[in-house]
Amino acid sequence: MTDVTSDAAATRLRRSPLHERHTAAGAKFAPFGGWEMPLEYAGGGVLKEHAAVRTAVGVFDVSHLGKARVTGPGAAEFVNSCLSNDLRRIGPGRAQYTLCCDDATGGVVDDIIAYLYADDHVFLIPNAANTAEVVRRLRAAAPERITVTDEHEAYAVLAVQGPRSGELLAALDLPTEHGYMSFDAANLAAVELTVCRTGYTGELGYELVVPAEHAVTVWDALFAAGEAFELRACGLAARDTLRTEMGYPLHGQDLSLDITPVQARSSWAVGWDKPAFWGRDALLAEKAAGPRRTLRGLVAVDRAIPRPGMTLHVGDKQVGTVTSGTFSPTRKQGIALALLDTDASLAEGDEVQVNIRGRQAPLRLQKPPFVTPSTH
């Protein structure tokens with residue numbers, strides 16, 4: 001999260017179309033990617049919101065996420081020549097996790113969900129802070145026949161996540177039976193929206209892409225039906241603990257212009273056999289040589305809670321840095337993702353040390369996810 005350093009800076013933050021609903025629910029707000037978004041809500045807090053998603057159903061307003069549309073003859077082929085994953089692996093009505101990499105270095109400009117509508121129509125959901133840069137790069141590369149439109153504030157996105165999410169949506173006559181990473185058009189309270197079977201929590205879940213002017217209508221409909229399913233509004237703090245338990249990377253911490261997909265163990269999101277995508281040459285070279293560092297999972301041996309930026313040591317030698325670290329409400333212990341030096345030759349089960357308030361605390365290497373996923 002970015003810090004707001006003055007009242008003047010705060011006034012420049014964008015707000016979700018659901019801001020008044022969050023205020024009425026007693027939300028505590030925080031700046032995130034240039035937006036003022038709910039961090040947690042009164043009467044619950046992070047632990048209860050986290051538990052709701054793992055046991056019942058929670059809804060997150062993630063309208064700060066970017067939205068961009070690429071249209072025109074050959075739009076999908078154009079996007080495929082820019083972004084890392086291979087759109088040829090999926091068909092219309094499917095979504096795909098992909099990366100926008102820097103062409104020179106292979107570093108990650110952003111990670112994105114691409115919705116493939118047709119050969120001439122791709123909808124992209126980047127991260128809030130990086131939307132303008134992703135759009136700029138695509139526009140600069142696009143031939144005249146291709147149009148790249150920034151629709152950042154045109155849509156709200158509601159993430160309905162948890163084992164009872166399907167029951168809730170079915171009660172509202174929304175589609176729930178489509179496969180993982182696929183999407184359907186739907187209608188709720190006379191509002192046309194898109195329901196995508198995806199999320200960032202590791203649980204069964206759906207993301208609703210809604211025209212911004214109708215976001216309140218959809219939010220209210222969810223909560224009108226949601227009491228029977230123990231629906232709880234959840235903030236970005238719980239979203240962070242949930243995604244860290246799954247080992248999902250956060251751009252700006254576990255992925256960045258300085259952290260390539262090879263280092264972040266995100267090579268599965270790279271179409272290595274494609275003839276072209278941004279960063280291809282740099283990433284192929286790094287893959288062949290082997291990365292100098294890799295993203296690994298860690299769990300605390302005692303009560304330590306690792307935090308981003310903490311350095312890791314084996315004896316007197318520094319071997320890496322924590323990129324994401326938190327307390328896992330599910331496991332009741334500290335967990336982390338960390339970039340560890342490859343030449344340290346660390347294996348699963350080995351221990352490293354982190355300095356927490358002057359005390360050397362042991363962390364054990366463990367491959368994520370740290371909880372059992374239920375996305376399928």
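All heavy atoms count here, side chains included; hydrogens, waters and symmetry mates do not.
Contact of the L169 side chain with the L208 side chain is registered, since non-hydrogen atoms from C-beta on lie closer than 4.5 Å. By the 4.5 Å heavy-atom criterion applied to side chains, I113 and L65 are not counted as neighbours. No side-chain heavy atom of H214 sits under 4.5 Å from any side-chain heavy atom of E192. Residues N355 and T311 are not in side-chain contact: their nearest non-hydrogen atoms beyond the backbone lie 4.5 Å or more apart. Side-chain contact between W278 and V109: absent, with no pair of heavy atoms (C-beta onward) separated by less than 4.5 Å. Contact annotation: the side chain of C101 approaches that of P261 to within less than 4.5 Å [non-hydrogen atoms, C-beta and beyond]. Between F29 and T23 the shortest side-chain heavy-atom distance falls below 4.5 Å. Considering only heavy atoms from C-beta on, R239 stays 4.5 Å or farther from Q161 through its side chain.
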Using atom types as modelled, flag every donor-acceptor pair under 3.5 Å from a side chain in residues 39-52 to any protein atom, sequence neighbours excluded.
| from | atom 1 | to | atom 2 | distance (Å) |
| --- | --- | --- | --- | --- |
| Y41 | OH | H22 | ND1 | 2.9 |
| E49 | OE1 | G235 | N | 2.9 |
| E49 | OE2 | Y41 | N | 2.8 |
| H50 | ND1 | T241 | OG1 | 2.8 |
| H50 | NE2 | E245 | OE1 | 3.0 |
| H50 | NE2 | E245 | OE2 | 3.3 |
| H50 | NE2 | T330 | OG1 | 3.1 |

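Between F223 and W219, the two ring planes are tilted [angle within 30° to 60°]. Ring-plane geometry between F123 and Y155 is classed as perpendicular, the angle between the planes exceeding 60 degrees on a 0 to 90 degree scale with a lower cut at 30. A tilted orientation is assigned to the rings of Y206 and H178, their planes being inclined by 30° to 60°.
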Residues N85, Y97; criterion side-chain hydrogen bond (donor to acceptor under 3.5 Å, both in side chains); working and verdict: CA-CA 7 Å; N85 214 333; Y97 179 82; over 6 Å; no
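Atom CD of Q318 has more than 12 heavy atoms from other residues, nucleotides or ligands within 6.0 Å. Other residues, nucleotides and ligands contribute over 12 non-hydrogen atoms within 6.0 Å of the CD atom of E348. Within 6.0 Å of the CG atom in D343, the count of heavy atoms belonging to other residues, nucleotides or ligands exceeds 12.
Here the side chain of R54 pairs a donor or acceptor atom with the backbone of L242 at under 3.5 angstrom. The backbone N or O of A269 lies less than 3.5 Å from a partner atom in the side chain of S84, making a donor-acceptor pair.
With sequence neighbours excluded, the residues that form a salt bridge (charged side-chain N to carboxylate O under 4.0 Å, His left out) with E167 are R164.
Across all their heavy atoms, V195 and A186 have their closest contact at CG2-CB, 4.0 Å. Pairing each heavy atom of V191 with each of V218, the nearest pair is CG1-CG2, 4.1 Å. Heavy-atom minimum distance, D110 versus P126: OD2-CB, 3.1 Å.
In this structure, CG on L295 lies 8.0 Å from OG on S324, to the nearest 0.5 angstrom.
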